[in-house]
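Side chains included, hydrogens not; waters and symmetry mates left out as well; all remaining heavy atoms used. Position 1 is the first residue of the sequence; numbering continues from there.
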Amino acid sequence: MTDKEIIQGLIAKDNRVTEEFFFVKCRPLFYNVMKLVFNYEVEYDEMINELYVYLMEDDAVKLRNFQYRSSVYQWLKILSIRFFIKKRARMIDDTSHETPKDGGSQTAIHESGTSAGGDLERLFRAMPTK
């Protein structure tokens, strides 16, 4: 497929083009970008779904503005790095794997393998106390 066919297929929400592009052709590219941006493990499908939603916002304006001055892969690499850096800034990194103190009465909530209770506990510990 040419870059133009890829962009047109994505804008048209062609399932075959979307699946082939994001989950086959770009998989190594996105894995490398995620490895570069995140110093912890993230869920590939979740991140790519969020990137796809971002690309399709406002009637796919980002895809429509692609000017073919570089390959679609180079353009997407730069766009995805910027997107994931912004996403990382909004995420809380939990490498401690701590659980809440009273685990018997509470169930830890897991989002992408991260314990929300551990995040809160770590944040409270980081706050200065008087």
Could you grab the distance from atom [atom1] of [X] to atom [atom2] of [Y], nearest 0.5 Å is fine?
X	Y	atom1	atom2	result
Leu76	Lys25	CG	NZ	14.0 Å
Ile48	Tyr54	CD1	OH	14.0 Å
Asn32	Cys26	CG	SG	11.5 Å
Phe30	Leu36	CZ	CG	13.5 Å
Arg64	Gln8	CZ	CD	10.0 Å
Ile6	Asp14	CD1	CG	11.5 Å

Could you tell me whether the side chain of [Y] reaches within less than 4.5 Å of the side chain of [X], counting heavy atoms only?
X	Y	value
Ile78	Gln74	no
Asn49	Glu43	no
Tyr40	Arg88	yes
Lys13	Thr18	no
Met1	Phe21	no
Leu79	Leu55	yes

* Structure fact -> With sequence neighbours left out, the residues meeting side chain to side chain donor-acceptor pair (under 3.5 Å) with Arg82 are none

* Structure fact -> Looking only at heavy atoms, the pair that brings Ser80 and Leu51 closest together is CB-CD2, 4.0 Å

* Could you tell me which non-hydrogen atom of Ser70 sits nearest to which non-hydrogen atom of Asp3, and how far apart they are? => O-OD2, 4.0 Å

* Structure fact -> Phe66 meets the ring pair (Phe, Tyr, Trp, His ring centres under 6.0 Å) criterion, sequence neighbours left out, with Tyr68, Trp75

* Name the orientation class of the two ring planes belonging to Phe22 and Tyr52 (parallel below 30°, tilted from 30 to 60°, perpendicular beyond 60°). => perpendicular

* Can you say whether the rings of Phe23 and Tyr44 are parallel (under 30°), tilted (30 to 60°) or perpendicular (over 60°)? -> perpendicular

* Same cluster (ILVMFWY, side-chain, under 4.5 Å), Val61 and Met56 -> no

* To do: Give the cluster check for Leu63 versus Tyr73: same hydrophobic cluster or not, with ILVMFWY residues linked at side-chain heavy-atom distances below 4.5 Å.
  => yes

* Would the number of heavy atoms belonging to other residues, nucleotides or ligands and lying under 6.0 Å from NZ of Lys62 be above 12? -> yes

